[in-house]
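Heads up, the thing below is written out as C-alpha cells.
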Amino acid sequence: MKIMASPAAKKSADNLVWSGRRHILDTRDLTLDEVEYLFSVARKYRDGGPEAMPLPAEFVGKGVANVFYESSTRTRSSFEFAGKVLRLNVVNVDSKVSSVNKGESIEDTGRNLAAMGFKIIIQRHSAAGACDLLVHAIGDKACIINAGEGASSHPTQALLDAMTMLDCRDNLRGAKVAIIGDITHSRVARSNLWLLQLMGAEVHFAGPPTLMPSYLCNLGAHVHMRPEDAIKDADFVMALRLQLERQQSGLIPSIEEYHRVFRINHDRLMLAKPGVKVLHPQPMNRDIEITYSLADDKKFSLMDNQVSNGFALRMAILYTLLTQTNKS
C-alpha cells in the first residue's frame, strides 16, 4: 500500500527543496528536485489557472521589477503577465529612459529597486555575469531571476524547453536532443546543455565550425559539423536563431549557404526517430534556420507549447521564490 504524505509533511518537503535558494541564475545551479518541483507547480497553473495555487494573501501586491537592458518579447511579456495574474505589482524598467543612460551601474539600479521594496528583480543583460553583480550588490534584499544574459545563460528558457519535452514522454533519461545552429552566440544552448544532462538526456550540437565552441566536447556534449549526424535517431530537434546581427564579421560564407546546409526541414527530419518533435526558442528567422512549413506543422512543432509552458513556468518561479524565500 502506498503511504501518502500529509499536507504538512508535503509542505515541509517543499521547503527543504528550496532551502537557502533565493535566485534563479542558471540551470547549472539547480538540483533535479528543484526542477521537478517547478514543473509540478507550472503544470498546476497551466492546467488549472491561478486558482490552482493561489498566492497567499501576505504576498499579494508585492513588487516585481522587470529590468531589461536588451529587447525581448516572450520573456518580458510572459513574466509581466505571470506577475499580474498572480496579483503582483509588476513594473517594467525601460533602460532606454532609465538612469542607466546617465551612467548608473547595474549594482546601483538593483540597490535602489531593493530599497523601494521590490521583492523580485528580473534582469536581462548583454553581459555574462550581470546577474552575479546584482546578487553581490543587494544580498538577500530581493530575489534575482536571470532572464538571459550575454551568450552564457537563459535558465527560464531551458526550463520551459525541458517541460515541453516532458509533455511528450515520462522522462528525458536516454533521450537524444539535437540542437542545431549558432551555438557560439546562444545562451539558450548552454542552459539547455546543463539542464538536459541533469535530466539524463544526450545532447548533440551541430553548426558551422566558426559558430561552434571548441570546449563543448569537454562538457559531455556530442559535436557534429553536419546537421544530419546530430538529427539521426533524435527524439527532439531544436533549431536556434541565426543571429543575423552578428554575421557581418564573416563567420559564415553567406546566409544562402547556411540556409542550404543547416536549415531544418521535413526531409532532414526523416533521419530522426518516428514521433520526433521540433522546438525553437524564438524569435526565428523563418526559412533560414527552419522552413515555414515545418515551423507551422502541428504534427512536429512544439513552438506554441513552449510559449504556453513558458507563461506557466514563470508563474511557478514567481510563486516559488516568494513563498519559499520571502517569509518575512
Side-chain angles (χ1 to χ4, degrees), residues 39 42-43 45-47 72-78 81 148 154-172 174-183 185-189 191-193 195-196 199 201-207 224 226-244 255 258-314:
F39 289 167
R43 291 188 188 103
Y45 282 134
R46 182 190 63 191
D47 301 336
S72 171
T73 300
R74 278 154 299 279
T75 304
R76 176 169 167 167
S77 59
S78 63
F81 190 30
H154 195 349
T156 64
Q157 180 67 48
L159 284 163
L160 73 87
D161 291 341
M163 179 178 167
T164 303
M165 294 179 200
L166 285 173
D167 289 339
C168 304
R169 50 187 291 156
D170 292 337
N171 61 71
L172 296 181
K176 179 178 179 181
V177 182
I179 301 177
I180 314 296
D182 180 356
I183 311 301
H185 299 112
S186 176
R187 49 194 169 209
V188 173
S191 285
N192 263 293
L193 174 62
L195 182 60
L196 292 170
M199 301 182 75
E202 188 177 284
V203 182
H204 291 247
F205 290 117
H224 308 278
R226 290 165 36 87
E228 291 83 359
D229 296 332
I231 294 170
K232 182 175 173 57
D233 297 326
D235 297 281
F236 300 96
V237 176
M238 180 183 295
L240 297 177
R241 180 174 74 92
L242 180 64
Q243 299 191 24
L244 300 176
I255 299 298
Y258 184 92
H259 168 287
R260 183 183 67 81
V261 177
F262 290 100
R263 183 183 61 171
I264 309 303
N265 55 29
H266 282 87
D267 288 340
R268 285 198 166 104
L269 210 60
M270 292 179 66
L271 296 167
K273 286 181 182 175
V276 63
K277 299 298 181 183
V278 177
L279 302 94
H280 194 303
Q282 301 193 60
M284 66 178 132
N285 300 302
R286 285 176 175 265
D287 221 32
I288 294 179
E289 59 248 8
I290 187 168
T291 58
Y292 277 83
S293 58
L294 183 53
D296 295 332
D297 190 336
K298 300 307 179 186
K299 178 181 177 182
F300 299 105
S301 175
L302 296 177
M303 294 178 204
D304 288 346
N305 307 60
Q306 287 174 275
V307 176
S308 299
N309 283 334
F311 170 59
L313 177 81
R314 286 164 179 139

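If you take CG on Leu313 and OG on Ser78, they are separated by 9.0 Å, rounding to the nearest 0.5 Å. Note that CD1 of Ile290 is 11.0 Å distant from CZ of Phe300, once rounded to the nearest 0.5 Å. Distance OG/Ser293 to NE2/His266: 5.0 Å, rounded to 0.5 Å. In this structure, the separation between CG on Asn171 and CE on Met165 is 13.5 Å, given to the nearest 0.5 Å. Interatomic distance, Asp304 CG to Lys298 NZ, rounded to the nearest 0.5 Å: 3.5 Å. Atoms CD1 and CG, on Ile179 and Leu279 in that order, are 9.5 Å from each other to the nearest 0.5 Å.
Not a single donor-acceptor pair under 3.5 Å links the side chain of Ser301 to the backbone N or O of Asp296. Using a distance-only test at 3.5 Å, with no hydrogens or angles considered, no donor-acceptor pair links the side chain of His204 to the main chain of Ile231. The backbone N or O of His185 lies less than 3.5 Å from a partner atom in the side chain of Asp182, making a donor-acceptor pair.
Judged by distance alone, the side chains of Asn309 and Thr164 do bring a donor and an acceptor atom under 3.5 Å apart.
Under 4.0 Å is where a charged nitrogen must lie from a carboxylate oxygen, and between Glu289 and Arg263 no such pair does. No salt bridge links Lys277 with Asp167; every basic N to acidic carboxylate O contact stays at or beyond 4.0 Å. A salt bridge does not link Lys176 with Asp235: every distance from a Lys NZ or Arg NE/NH1/NH2 to an Asp or Glu carboxylate oxygen is 4.0 Å or more.
Smallest separation of non-hydrogen atoms from Ala178 and Ala230: CB-O, 3.4 Å. Of all heavy-atom pairs spanning Arg46 and Ala312, the tightest one is CB-CB, 3.7 Å. Arg74 and Pro281 get closest at one heavy-atom pair: NE-O, 4.0 Å.
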- Item | side-chain contact (heavy atoms from CB on, under 4.5 Å) assessment of Val278 paired with Leu302 | CA-CA 6 Å; Val278 177; Leu302 296 177; over 6 Å; no
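Evaluation of the ring-ring contact (aromatic ring centres under 6.0 Å, His included) rule for Phe39 yields no partner, not counting sequence neighbours.
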